[in-house]
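None of these values were measured; they are calculated from a predicted model. Both backbone and side-chain heavy atoms feed into the values below; hydrogens, waters and symmetry mates do not. Counting begins at 1 with the first residue of the sequence.
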Amino acid sequence: QAFVVLSDLLLVFGPQLPRDGREALAPLVLLPEAGLQSQLAAFLMDHVFHHACSHEELSATGTSSPRIPGSSPGMPVPAPSPPVSAEDSESHIEELHRRRVLLAGFCKLIIYDVLELSAASDVFKHYAKVGGARKGCPAPPAAARGHRVLSPPPQFYSDYGDIIKETLNCTRQIDRQEWARTLLLSLQQLMTELLLQQGPEIRAAEAFLEIRDLARRFSLLFSLHQLRNRPALLSMHKEGIQFAFQEPPGPGPGLPPLNLPFLEVLSEFSPRLLRPDKA
């Protein structure tokens with residue numbers, strides 16, 4: 001409830017307060033500091049997205065347990081969950097509604113310019129299903145025995161896709177250049193997380209293919225108004241190429257850039273470029 005109340009207060013006392021003839025209320029405008037913005041984003045990740053990867057909640061949907069990515073046919077898997085009661089199903093629906101309210105409150109802060117547009121990167125990167133172990137999720141029992149087991153990939157799109165899509169459309173109207181930069185930042189964050197988890201050999205990883213799929217979804221948002229989107233697409237390609245060719249940290253000259261596979265992700269946007277810009 002504290003998150004909801006704080007979001008509402010920041011929205012009421014946001015930058016729109018002195019508009020429409022209310023200039024006298026300008027001293028009441030309250031803009032969150034960088035530390036508070038980070039805390040809001042961290043709370044959202046812990047209670048909306050990372051929270052969704054608990055095994056108990058997955059079983060509450062009534063679906064069977066998904067196969068653990070990377071497991072061999074002979075590896076033991078969790079036993080099937082017992083039938084879900086009507087009370088459990090109703091509890092799951094209420095919990096999902098509560099998380100959607102939290103996400104909608106955070107997105108409104110971005111749309112109404114209370115939070116910086118770049119803060120939306122933490123939301124946009126969950127627009128498509130992205131698997132892999134997530135910070136804040138309890139480690140499976142096998143992890144304690146030295147085996148690396150990934151958490152079942154959560155279905156964020158089915159739970160929050162409508163909210164995230166509306167936020168994408170609204171923020172695009174605010175500033176197309178900054179909006180495109182935020183999309184790129186979302187992909188860069190996922191790429192960095194994947195490199196930290198699996199090392200440089202990621203091209204064959206399922207999570208890398210899912211990042212490309214997310215980029216493909218993002219590229220569809222540029223399908224209309226090619227001339228209007230041209231500066232944003234050019235800026236996105238320029239900054240994306242710079243990110244891909246960043247030198248690896250530390251000593252060791254001659255090593256290939258770790259982010260080089262990001263060019264494959266960036267290529268999903270290339271068909272949206274105008275012909276003169278592809279030269």
Side-chain angles (χ1 to χ4, degrees), residues 40-53 57-58 61 66 69 96-97 99-111 115-137 151-194 197 202 205-224 229 232-233 236 239-240 243 262 264-272:
L40 290 172
F43 182 91
L44 188 79
M45 296 301 104
D46 291 340
H47 292 80
V48 174
F49 295 112
H50 295 163
H51 181 73
C53 55
E57 249 187 75
L58 287 174
T61 63
L96 176 59
H97 174 71
R99 295 198 305 269
R100 285 173 57 86
V101 169
L102 296 176
L103 177 60
F106 185 83
C107 290
K108 283 192 293 185
L109 294 178
I110 296 171
I111 293 172
L115 299 179
E116 297 177 359
L117 188 53
S118 59
S121 64
D122 288 325
V123 175
F124 293 164
K125 66 184 181 183
H126 294 98
Y127 186 48
K129 181 189 73 174
V130 179
R134 298 190 177 277
K135 181 181 179 182
C137 295
S151 303
Q155 295 286 350
F156 294 127
Y157 183 79
S158 60
D159 289 343
Y160 314 121
D162 57 332
I163 299 176
I164 300 177
K165 185 176 182 179
E166 184 65 21
T167 305
L168 282 164
N169 290 331
C170 290
T171 51
R172 178 174 53 185
Q173 306 306 320
I174 298 174
D175 186 337
R176 286 180 183 264
Q177 287 270 84
E178 189 63 26
W179 171 76
R181 189 172 290 111
T182 303
L183 298 185
L184 183 65
L185 178 60
S186 301
L187 298 170
Q188 290 172 342
Q189 289 174 346
L190 289 172
M191 182 77 175
T192 302
E193 292 171 7
L194 183 59
Q197 291 175 8
I202 61 171
E206 181 180 355
F208 180 71
L209 299 179
E210 289 169 351
I211 295 175
R212 290 196 60 172
D213 179 67
L214 177 60
R216 193 175 300 116
R217 286 177 181 269
F218 285 163
S219 71
L220 295 176
L221 301 172
F222 293 91
S223 56
L224 300 176
N229 291 326
L233 279 170
M236 173 180 280
E239 295 180 19
F243 174 78
F262 191 76
E264 298 183 28
V265 178
L266 196 62
S267 68
E268 300 295 341
F269 297 91
S270 299
R272 307 299 175 187

| said: Under 3.5 Å, is there a donor on one side chain and an acceptor on the other for N229 and R272? | reply: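 Checked: N229/R272 side chains show no N/O donor-acceptor pair below 3.5 Å.
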
Tell me the closest heavy-atom pair linking [X] and [Y], and the distance in Å.
{"X": "M45", "Y": "H126", "value": "SD-CE1, 3.8 Å"}
{"X": "F262", "Y": "G240", "value": "CD2-O, 3.8 Å"}
{"X": "I163", "Y": "T167", "value": "O-OG1, 2.8 Å"}

Euclidean distance, [Y] [atom2] relative to [X] [atom1], rounded to 0.5 Å:
{"X": "L102", "Y": "D46", "atom1": "CG", "atom2": "CG", "value": "11.5 Å"}
{"X": "E264", "Y": "I202", "atom1": "CD", "atom2": "CD1", "value": "8.5 Å"}
{"X": "E193", "Y": "I211", "atom1": "CD", "atom2": "CD1", "value": "8.0 Å"}
{"X": "L103", "Y": "K108", "atom1": "CG", "atom2": "NZ", "value": "11.0 Å"}

| Who passes salt bridge (charged side-chain N to carboxylate O under 4.0 Å, His left out) against D162, sequence neighbours left out? | R100

If we only count heavy atoms from C-beta on, is the [X] to [Y] side-chain gap below 4.5 Å?
{"X": "D213", "Y": "R217", "answer": "yes"}
{"X": "L190", "Y": "S186", "answer": "no"}
{"X": "V123", "Y": "L44", "answer": "yes"}
{"X": "F208", "Y": "M191", "answer": "yes"}
{"X": "S267", "Y": "R212", "answer": "yes"}
{"X": "R181", "Y": "R176", "answer": "no"}

| How are the rings of F49 and Y160 set to each other: parallel, tilted or perpendicular (split at 30° and 60°)? | perpendicular

| said: I need the single residue from L117, L168, I110 that forms a side-chain contact (heavy atoms from CB on, under 4.5 Å) with T182. Which is it? | reply: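 The option that passes is L117.
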
| request: Please test L187 against K125 for side chain to side chain contact (heavy atoms under 4.5 Å, CB included), starting from the C-alpha separation and ending with a verdict. | output: CA-CA 7 Å; L187 298 170; K125 66 184 181 183; over 6 Å; no

| task | Measure centre to centre between the rings of F222 and W179, then say whether the value is under 6.0 Å. | result | yes

| said: Check whether Q177 reaches the backbone of A232 with its side chain - one donor and one acceptor, N or O, closer than 3.5 Å. | reply: yes

| task | Could you go through the salt bridge (charged side-chain N to carboxylate O under 4.0 Å, His left out) check for E210 and R216 one step at a time? | result | CA-CA 10 Å; E210 289 169 351; R216 193 175 300 116; over 6 Å; no

| When you look at CD of E178, are more than 12 heavy atoms from neighbouring residues, nucleotides or ligands closer to it than 6.0 Å? |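 Yes, CD of E178 has more than 12 neighbouring heavy atoms, counting only those of other groups under 6.0 Å.
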
| request: Given side chain to side chain contact (heavy atoms under 4.5 Å, CB included), test M236 with L266 step by step and report yes or no. | output: CA-CA 9 Å; M236 173 180 280; L266 196 62; 4.3 Å; yes

| message | With side chain to side chain contact (heavy atoms under 4.5 Å, CB included) as the criterion, how do F124 and L185 come out once you've worked through the C-alpha distance, each side chain's angles and the decisive distance to 0.1 Å? | response | CA-CA 9 Å; F124 293 164; L185 178 60; over 6 Å; no

| query | Under the side chain to side chain contact (heavy atoms under 4.5 Å, CB included) criterion, do V48 and F106 qualify, and how do the steps go? | reply | CA-CA 11 Å; V48 174; F106 185 83; over 6 Å; no

